[in-house]
Amino acid sequence: MATNAEILPFHHQTILTFQTAAALTNYGGVGGGSSGISTASQLAAAWSMEDHLFQQTELPVLTRSTHHMLRFAPYAIPHRPQLQPIPPALYLQHAAAAAAVHAQHHHNLQQRTTSPASPPPTEGYHISNLFPEILELIFNELSVCDLGRAAQVCTAWRDVAYSKSIWKGVEAKLHLKRSSPSLFNCLVKRGIKKVQILSLRRSLKDLVLSVPALNSLNLSGCFNVTDVNLGHAFSVDLPNLKILDLSLCKQITDTSLGRIAQHLKNLQTLDLGGCCNITNTGLLLIAWGLKKLKHLNLRSCCISDQGIGHLAGLNKATAEGNLELEFLGLQDCNRLSDEALGHIAQGLTSLKSINLSFCLSITDSGLKHLARMPKLEQLNLNSCDNISDIGMAYLTESGSNLNSLDVSFCVKISDQALTHIAQGLYQLRSLSLNHCQITDHGILKIAKALPELEHLNIGQCEGITDKGLQTLAEELLNLKTIDLYGCNKLSSKGIDVIVKLPKLIELNLGLWLKR
């Protein structure tokens, strides 16, 4: 039996669909079957029509002629032929059959669960024709939020959006409120290796075991993290975990550091800033187990010179030390003295950056030890009240390789310190002198000696005037950022000069003029 897709030929070039023939068959009480088809052919032959082709995919629509006579014609055809009027009974039967076909077609569309794929354009270029590799390059430029939206467009985009190369370096930020195996599976499928926990109400063990490739875990600010939580999570070896941030997790103690030192042997970055319960014992455990550690932040920890000695490996019988350390953060560790700096200079010879800001017990004598460290590049002495011009002289005696120095709020620093800096720290690219007792004379010294200086902070230095800015504009042509916050002796004339620096990209003028 013929299907609905088949068409029946008639005289000349006119063709009729099988459905239309069936409608004609019923006209006048003619029966079905092969005889019905023959009768329909005779009726259709008698029905004179202009030469035209009715396509199977087209449905008849109602139109009106100039005489308001109902007719049927295919839609989406630019030139509609004028057809002979037909008996109303025949038209109504044909329209009913067409409506039934249209209703069935609409029902089938509603039953479909997914939309059919759009056919590619026949001519030109289209995004649906791009290779997956090209789509990956495009998706790499999207934010995480936009990438999620793109993955919902179609299955092809969704598959590309799951490519691990696109999610490389992305950090997932999670609220761990309940067990989420499907969430962890999504992390693994996308190849995500960095996770930040925003809030924690469950065990961390599910996360570290479900994402074995995890190499960065950030728990900063999770105040309810305890030694018990970390004990469960770090009960097995985690060789891939290299970055651990526990800053402001104030409930953890040296017990957690024991677990970390035992099972996280490949850890390279450990942030313990604000963990006020960490003591020298914890540093001994770190020195014993974390041989590959390169970045250690101990801000506001309750440690002393003895703990720094453990890190430096001064007692090889107990611990070899963290001899590969490149950054050591000791901000606000007020129990440290110059002796700690001696331990650092003796054992941590690979150190490139050290933060001693707010260490009130550090004096000029301690800087003698730091001057002996050839690899030291960045030194932060912000708010070290006992550092003076003499300490700057000690620091420059051995030809230090420092490229960044911060002595902001060291109230004993004056123009004499700038003279010492100009005579020895030729590689400086960043210098911070906020709220120091300096004047235009000191500015002249460093401007002449440090032509490669790129970042200069002299905010709240009340001795700086337009003359000093004129000197900076003439000598420091590589300057990119300058902080003039609170320099209230400056005028518009001086500002106009400094803004003309060719490479300047950032200028802080807050409170530069008294109101």
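Basis for what follows: all heavy atoms, side chains included, without hydrogens, waters or symmetry-related copies.
A pairwise comparison of heavy atoms in D389 and K412 identifies OD1-O, 3.3 Å as the closest pair. Between A312 and L348, the shortest heavy-atom contact is CA-CD2, 3.9 Å. Here the closest non-hydrogen pair linking L351 and M373 is CB-CE, 3.7 Å. Residue L248 comes nearest to C275 through the heavy atom pair N-SG, 4.3 Å, listed as atom of the first residue, atom of the second, then distance. F234 approaches H263 most closely through the heavy-atom pair O-CD2, 2.8 Å. Scanning both residues, C384 and C410, for their nearest heavy atoms gives O-SG, 3.5 Å.
Side-chain atoms of D227 come within 3.5 Å of backbone N or O of T253 as a donor-acceptor pair. At distances below 3.5 Å, at least one donor-acceptor pair connects side-chain atoms of D254 with backbone N or O atoms of T279. Between the side chain of D237 and the main chain of P239, no donor-acceptor pair closer than 3.5 Å is present. In this structure, the side chain of T349 does not engage the main chain of A345 through any donor-acceptor pair within 3.5 Å. Using modelled atom types, no side-chain atom of N386 and backbone atom of S361 make a donor-acceptor pair closer than 3.5 Å. Not one N or O on the side chain of D385 forms a donor-acceptor pair closer than 3.5 Å with the backbone of L360. At distances below 3.5 Å, at least one donor-acceptor pair connects side-chain atoms of N240 with backbone N or O atoms of P212. Judged purely by atom type and a 3.5 angstrom limit, T318 uses its side chain to pair as donor or acceptor with the backbone of N315. For the pair K265 (side chain) and A261 (backbone), a donor-acceptor distance under 3.5 Å is present. Panel note: side chain N508, backbone Y485; no donor-acceptor pair is recorded below 3.5 Å.
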Compile the donor-acceptor pairs under 3.5 Å between side chains in residues 183-192 and protein atoms, sequence neighbours left out, one pair per line.
from: N185; atom 1: ND2; to: P181; atom 2: O; distance (Å): 3.2

Expected list for residues 326-334: side-chain donor-acceptor pairs under 3.5 angstrom, two or more places apart:
from: D332; atom 1: OD1; to: N334; atom 2: ND2; distance (Å): 3.3
from: D332; atom 1: OD2; to: S300; atom 2: OG; distance (Å): 3.1

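Side-chain atoms of I498 and L490, non-hydrogen and from C-beta on, never get closer than 4.5 Å to each other. Looking at I482 and L476, their side chains never come closer than 4.5 Å, going by heavy atoms from C-beta outward. Side-chain contact between I278 and C302 is absent, with no heavy atoms from C-beta onward closer than 4.5 Å. Considering only heavy atoms from C-beta on, E171 comes within 4.5 Å of K173 through its side chain. Side-chain contact between L469 and I443 is absent, with no heavy-atom pair separated by less than 4.5 Å. Taking the side chain as every heavy atom from C-beta outward, S408 and S432 approach each other to under 4.5 Å. In this structure, the side chains of L314 and Q346 come closer than 4.5 Å at one or more pairs of heavy atoms. Residues Q460 and N434 form no side-chain contact, since every pair of their non-hydrogen atoms from C-beta on lies 4.5 Å or further apart.
Rounding to the nearest 0.5 Å gives a distance of 11.5 Å between CG of L356 and CG of D406. Considering CD of Q152 and CG of L147, their distance stands at 10.5 Å, rounded to 0.5 Å. The distance from atom CG of L444 to atom CD of E475, rounded to the nearest 0.5 Å, is 7.5 Å. Atom CG in D305 sits 3.5 Å away from atom OG in S337 (nearest 0.5 Å). To the nearest 0.5 angstrom, T471 atom OG1 is 11.0 Å from D466 atom CG. Note that CD of Q437 and OG of S414 are 8.5 Å apart. Values are rounded to the nearest 0.5 Å.
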**Report entry** Stepwise side-chain contact (heavy atoms from CB on, under 4.5 Å) test for T439 and I464
**Finding:** CA-CA 5 Å; T439 65; I464 304 298; 5.6 Å; no
Query - Intermediate values then yes/no, side chain to side chain donor-acceptor pair (under 3.5 Å), E324 and S350 - result: CA-CA 6 Å; E324 296 185 11; S350 297; over 6 Å; no
Query raised in the report: Run the side-chain contact (heavy atoms from CB on, under 4.5 Å) check on S430 and E454 step by step: do they pass?
Result: CA-CA 6 Å; S430 177; E454 298 179 353; over 6 Å; no
Query - Derivation and outcome, side chain to side chain donor-acceptor pair (under 3.5 Å), residues N266 and K242 - result: CA-CA 6 Å; N266 294 326; K242 297 181 179 180; over 6 Å; no
Report task. Starting from the C-alpha separation in whole Å, work towards a yes-or-no answer on side chain to side chain donor-acceptor pair (under 3.5 Å) for D245 and S247. Result -> CA-CA 6 Å; D245 189 345; S247 57; 2.8 Å; yes
Requested in this report: Start with the C-alpha distance between W157 and F139, add both sets of side-chain angles, then the distance that settles ring-ring contact (aromatic ring centres under 6.0 Å, His included), and finish with yes or no.
Outcome: CA-CA 9 Å; W157 285 26; F139 285 2; 5.6 Å; yes
Query - Trace of the side-chain contact (heavy atoms from CB on, under 4.5 Å) decision for L217 with I197 - result: CA-CA 8 Å; L217 179 59; I197 306 301; 4.1 Å; yes
Query raised in the report: Stepwise, does the side-chain contact (heavy atoms from CB on, under 4.5 Å) test hold for L370 with L376?
Result: CA-CA 8 Å; L370 299 184; L376 190 63; 4.3 Å; yes
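Residue K500 places its NZ atom among 12 or fewer non-hydrogen atoms of other residues, nucleotides or ligands, all under 6.0 Å distant. Enclosure of atom CD in Q423 by more than 12 non-hydrogen atoms of other residues, nucleotides or ligands within 6.0 angstrom is indicated. Applying the 6.0 Å contact sphere to CD of E320 captures no more than 12 heavy atoms from other residues, nucleotides or ligands. Heavy-atom neighbours of H232 NE2 from other residues, nucleotides or ligands within 6.0 Å: at or below the threshold of 12. Within a 6.0 Å sphere centred on NZ of K480, other residues, nucleotides and ligands contribute 12 heavy atoms or fewer.
Of the N and O atoms on the side chains of Q427 and N401, at least one donor lies less than 3.5 Å from an acceptor on the other residue. There is no side-chain donor-acceptor pair under 3.5 Å between H420 and T396. If you check the side chains of Q378 and S404, you find no donor sitting under 3.5 Å from an acceptor. Side-chain contact of E377 with S353: a donor-acceptor pair under 3.5 Å is absent, judged by distance alone. Between the side chains of D338 and T363, at least one donor-acceptor pair of N or O atoms lies under 3.5 Å.
Under the side chain to side chain contact (heavy atoms under 4.5 Å, CB included) rule, L270 has a single partner from L244, I243, N297, which is L244. Checking each of D364, V411, N382 against I387 for a side chain to side chain contact (heavy atoms under 4.5 Å, CB included) leaves exactly one that passes, namely D364.
Salt-bridge check for K493 with D496: failed, with every basic side-chain N at 4.0 Å or more from each acidic carboxylate O.
Partners of N229 by side-chain hydrogen bond (donor to acceptor under 3.5 Å, both in side chains), not counting sequence neighbours, listed by chain and number: T226.
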